[in-house]
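Data first, discussion second: the structure below is written as structure tokens.
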Amino acid sequence: MVMIMKSSVVWWRCVSAHKSLFILLGVLTVSASEDTFASEWSISKTMTPGSVLVLSNSTIDPATGFSVFYIISADIPAGTLIDPKQLLEIQWKTTYYPQSTQEDVHLCYSRPYSSQENCERIYPNSSGTLSTFNDQAFGNGSRVKIKHSVLGGTPPLNRPAGVDSVTFRYRY
């Protein structure tokens, strides 16, 4: 009788230990899943826009310099490439063309592998944050283009004073 009770106690402790282990594993799995869905990441890129050719001081045909920032698979953390992503904001900083007049700058966002652009006016030689594009898809193949259009200046070639940069903040 004592031997049977002792075996029952040992058996019950094993069952309790296994139950506790399964509960602990379940909690860790749920926690890991929540962290995966709530992870926030950022991708920063910098580029010098192209020089612009100014042939005349014309309001009809502006000269335009571009900085184009592509999101490629190497920018996205391993194992998350196919996960759906939500854009939280785009932080930007622009340069300017010091020998130009009437500079107009736009930041344009394109969804992954789309040629359609949605643009917002921003300002030369300044910085800011846009949340305008947050309802659009984001991921490998997304693109931001910063367009510097000038209506005149010292001919023939105007060069930028520095670089443009963007930081994509997103969550998956």
Side-chain angles (χ1 to χ4, degrees), residues 31-154 157-172:
S31 295
S33 296
E34 288 175 3
D35 287 344
T36 300
F37 291 114
S39 293
E40 288 187 14
W41 295 84
S42 65
I43 300 169
S44 296
K45 297 191 173 247
T46 301
M47 174 180 242
T48 303
S51 298
V52 295
L53 183 61
V54 177
L55 299 175
S56 66
N57 288 326
S58 168
T59 58
I60 298 170
D61 191 22
T64 305
F66 297 97
S67 293
V68 184
F69 306 95
Y70 293 96
I71 299 299
I72 59 174
S73 58
D75 295 324
I76 298 173
T80 66
L81 188 61
I82 61 171
D83 296 337
K85 294 162 190 63
Q86 176 187 9
L87 188 61
L88 299 174
E89 67 184 17
I90 298 173
Q91 299 169 353
W92 53 269
K93 184 174 182 181
T94 60
T95 186
Y96 72 109
Y97 289 79
Q99 297 176 332
S100 300
T101 58
Q102 296 181 342
E103 185 175 350
D104 191 32
V105 183
H106 285 85
L107 185 145
C108 302
Y109 177 74
S110 297
R111 295 182 318 262
Y113 303 110
S114 173
S115 60
Q116 181 182 1
E117 295 180 334
N118 294 313
C119 300
E120 288 289 323
R121 184 167 191 221
I122 58 176
Y123 298 96
N125 201 31
S126 62
S127 61
T129 301
L130 286 174
S131 56
T132 309
F133 311 113
N134 292 0
D135 60 341
Q136 297 186 29
F138 174 76
N140 188 33
S142 294
R143 179 185 74 222
V144 160
K145 184 187 294 182
I146 296 179
K147 300 178 185 180
H148 295 264
S149 299
V150 298
L151 295 176
T154 308
L157 201 58
N158 286 316
R159 291 180 175 78
V163 297
D164 290 334
S165 62
V166 295
T167 298
F168 300 89
R169 278 195 50 244
Y170 69 97
R171 128 176 64 211
Y172 71 91

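As the structure is a computational prediction, the values presented were derived from the model and not from experiment. Note: hydrogens, waters and symmetry copies are ignored here, and every other heavy atom, side chains too, is used.
- One finds the CG atom of Leu130 at 6.0 Å from the CD atom of Glu120 (value rounded to the nearest 0.5 Å).
- Between the OG1 atom of Thr167 and the CG atom of Leu88 there is a distance of 12.5 Å, given to the nearest 0.5 Å.
- Of all non-hydrogen atoms in Tyr96 and Pro124, the two that sit nearest each other are CB-CB, 3.9 Å.
- Shown here for Tyr172 and Pro84, the closest heavy-atom pair between the two residues is CB-O, 3.4 Å.
- Annotation: Ile72, atom CD1; neighbour count of heavy atoms from other residues, nucleotides and ligands within 6.0 Å is above 12.
- To the nearest 0.5 Å, atom OG of residue Ser126 and atom NZ of residue Lys93 are 10.0 Å apart.
- Interatomic distance, CD1 of Ile76 versus CG of Asp83, reported as 9.5 Å (0.5 Å rounding).
- Using a 4.5 Å cut-off on side-chain heavy atoms (C-beta onward), Val54 and Thr154 make no contact.
- Pro49 places none of its side-chain heavy atoms less than 4.5 Å from the side chain of Phe66.
- Nearest approach of Val166 to Phe168, heavy atoms of both residues: CG2-CE1, 3.7 Å.
- In terms of modelled atom types and a separation under 3.5 Å, the side chain of Ser110 and the main chain of Gln116 share a donor-acceptor contact.
- Counting heavy atoms of neighbouring residues, nucleotides and ligands inside a 6.0 Å radius, atom CZ of Arg143 exceeds 12 of them.
- Atom NZ of Lys45 sits in a crowded spot, with more than 12 heavy atoms from other residues, nucleotides or ligands closer than 6.0 Å.
- Considering every non-hydrogen atom in both Pro112 and Ala137, the closest pair reads CD-O, 3.5 Å.
- Here OG of Ser51 is found 4.5 Å from CG of Leu157. Values are rounded to the nearest 0.5 Å.
- Ring geometry for Phe138 against Tyr109 counts as parallel: the plane angle stays under 30°, on a 0 to 90° scale with 60° as the upper cut.
- Rounding to the nearest 0.5 angstrom, the gap separating the CZ atom in Phe69 from the OG atom in Ser67 is 4.5 Å.
- For the pair Gln102 and Leu151, the tightest heavy-atom approach, listed with the atom from each and the gap, is OE1-CD1, 2.9 Å.
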TODO: Take Ile71 and Tyr170 through the side chain to side chain contact (heavy atoms under 4.5 Å, CB included) test and state the conclusion after the steps.
DONE: CA-CA 12 Å; Ile71 299 299; Tyr170 69 97; over 6 Å; no

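- Counting heavy atoms from C-beta outward, Thr94 and His148 have side chains that approach closer than 4.5 Å.
- When His106, Lys147, Arg111 are each tested for a side chain to side chain donor-acceptor pair (under 3.5 Å) with Glu117, only one passes: Lys147.
- Closest approach of Asp164 to Thr95, counting heavy atoms only: OD1-N, 2.9 Å.
- In terms of modelled atom types and a separation under 3.5 Å, the side chain of Lys85 and the main chain of Thr80 share a donor-acceptor contact.
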